[in-house]
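Reading through the structure tokens given below for one structure.
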Amino acid sequence: MTILTKVAQAARKVTARPGPRVLSVKAAWRLTPNMIRVVFAGPELDGFPQGREGGNCKLLIPDAGETRDQFANRLKSGPPPVKRTYTVRKFDADRQELSIDFVAHGDDGPASRWASGAKPGDFLGFAGPSGPKVTRFDADWYLVAADPSAIPVAAATLEAMPRDARGVAIFEVTSADDLQEIDMPDGIEVHWIVHPDPHQPSSAQETLIRSLEWPEGRVQTCIAGESGVIRSLRAYLATEKQVPRTDTYISGYWKIGLIEDEHQKVKRSEG
């Protein structure tokens, strides 16, 4: 083995990502009829980075009946468990508590199915998190929009804003009972839209956004949700409103009719 090879191997060891954590459930409850909050706690959260609210993470779902030891061994040796992308909603470093919000859609997806039955002592795998999606707040006005899948990133972004921020926040939810309390600045005008069937396309967010009186000055966005909605809004912001890409966070989190693995393939193919 050459010296160069040894150096390369050493560098890989230093820079390698840490393996997944196996997190334990402290509590789980229905935040709203269609949203479940799961709080994880325990020594596995030692060293968890602060300030990552709104960042994405990967949740690795154990099989039904799988023990913690069996799951931990599978993370090391395979086969890999089902993996889904979620958002860090809150992290309390003093309490070592991590909160993740799940859209509750029954047994239709493995993560929703797991969250629906989550109870203290349950576990799953966790990889990440990334940094937050919006890292600076120096615009004159903010536009935030989300469907249920993206409420965690939108809420975390609003909570991180300066208290004198101005703008509009639009949330599309399944039921009027799904409204949440979010600690947003007083200068944010909030709209809740009820769309009872998320499996059907909706143009309600775009219609409302197009009706807004566009402000003077610099605009910054945090928009995420169903890919069809996002594609149309991205074109509107870039072409008609000419919002620079550097001021635009906009992302498709899911697509009607596709599971996550299929949606990710589509996103990669679209560049």
Under a 4.5 Å cut-off applied to non-hydrogen side-chain atoms, are [X] and [Y] in contact?
X	Y	answer
Glu172	His191	no
Thr246	Arg136	yes
Val103	Ser112	no
Ile193	Ile170	yes
Trp214	Leu143	yes
Val25	Phe123	no
Ser99	Val38	no

Distance-only, no hydrogens or angles: does the [X] side chain make a donor-acceptor pair with backbone N or O of [Y] under 3.5 Å?
X	Y	result
Arg166	Asp140	yes
Asp92	Arg95	yes
Arg52	Pro129	yes

Heavy-atom pair of closest approach, residues [X] and [Y]:
X	Y	answer
Arg234	Ser251	NH2-CA, 4.1 Å
Lys26	Pro120	O-CG, 3.4 Å
Phe137	Tyr142	C-OH, 3.0 Å
Ala154	Ala146	CB-CB, 3.8 Å
Gly225	Ala150	N-CB, 4.2 Å
Pro81	Arg74	CA-NH1, 3.3 Å

Among Phe40, Phe91, Phe48, which residue meets the ring pair (Phe, Tyr, Trp, His ring centres under 6.0 Å) test with Phe126?
Phe48
Could you walk me through whether Glu159 and Arg89 satisfy the side-chain contact (heavy atoms from CB on, under 4.5 Å) test, starting with their C-alpha distance in whole Å, then the side-chain angles of each, then the deciding distance to 0.1 Å, before giving a yes or no?
CA-CA 11 Å; Glu159 290 171 354; Arg89 181 61 184 89; 2.9 Å; yes
Is [Y] reachable from [X] through a run of I, L, V, M, F, W or Y residues, each pair having side-chain heavy atoms under 4.5 Å apart?
X	Y	answer
Val82	Phe71	no
Tyr253	Val134	yes
Val229	Val168	yes
Leu212	Val190	no
Val144	Leu208	no

Under a plain distance cut-off of 3.5 Å, with no hydrogens placed, do [Y] and [X] share a side-chain donor-acceptor pair?
X	Y	value
Lys133	Thr157	no
Trp114	Asp122	no
Thr32	Gln180	no
Asp69	Thr67	no
Asn56	Ser130	yes

Quick one: which residue pairs count as a ring pair (Phe, Tyr, Trp, His ring centres under 6.0 Å) with a foot in residues 159-178, not counting sequence neighbours?
Phe171-Trp192
Take Glu226 and Ser202 through the test side-chain contact (heavy atoms from CB on, under 4.5 Å) and record every step on the way to the result.
CA-CA 9 Å; Glu226 198 278 325; Ser202 171; over 6 Å; no
Do Asp138 and Arg218 pass the side-chain contact (heavy atoms from CB on, under 4.5 Å) test, and can you show the C-alpha distance, the side-chain angles, and the key distance before you say yes or no?
CA-CA 9 Å; Asp138 52 4; Arg218 187 161 146 255; 2.9 Å; yes
Straight-line distance of [X] [atom1] to [Y] [atom2], nearest 0.5 Å:
X	Y	atom1	atom2	value
Lys241	Thr221	NZ	OG1	14.0 Å
Met161	Cys222	CE	SG	7.5 Å
Ile209	Gln205	CD1	CD	6.0 Å
Ile100	Thr87	CD1	OG1	7.5 Å
His105	Ser149	NE2	OG	9.0 Å
Cys57	Tyr86	SG	OH	9.5 Å

What residues, two or more places apart in sequence or in another chain, satisfy side-chain hydrogen bond (donor to acceptor under 3.5 Å, both in side chains) together with Gln242?
none
Could you tell me which residues satisfy side-chain hydrogen bond (donor to acceptor under 3.5 Å, both in side chains) with Thr248, sequence neighbours excluded, listed by chain and number?
none
Stepwise salt bridge (Lys or Arg N to Asp or Glu O under 4.0 Å) test for Arg210 and Glu240
CA-CA 10 Å; Arg210 285 180 174 274; Glu240 297 188 41; 3.0 Å; yes
When Asn34 is tested against each of Thr174, Asp177, Val173 for side chain to side chain contact (heavy atoms under 4.5 Å, CB included), which residue passes?
Thr174
Given Leu237, which of Asp247, Val219, Ile223 fulfils the side chain to side chain contact (heavy atoms under 4.5 Å, CB included) condition?
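Running side chain to side chain contact (heavy atoms under 4.5 Å, CB included) over Asp247, Val219, Ile223 with Leu237 returns exactly one hit, Ile223.
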Assess whether a salt bridge exists between Asp186 and Arg163, defined as any Lys/Arg side-chain N lying under 4.0 Å from an Asp/Glu carboxylate O.
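A salt bridge is absent here (no side-chain N lies under 4.0 Å from a carboxylate O).
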Hey, are Asp101 and Arg37 close enough for a salt bridge, meaning a charged N less than 4.0 Å from a carboxylate O?
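A salt bridge is present here (some side-chain N lies under 4.0 Å from a carboxylate O).
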Leu233 vs Glu206, side-chain contact (heavy atoms from CB on, under 4.5 Å): CA-CA, chis, key distance, verdict:
CA-CA 6 Å; Leu233 285 175; Glu206 182 176 351; 3.9 Å; yes
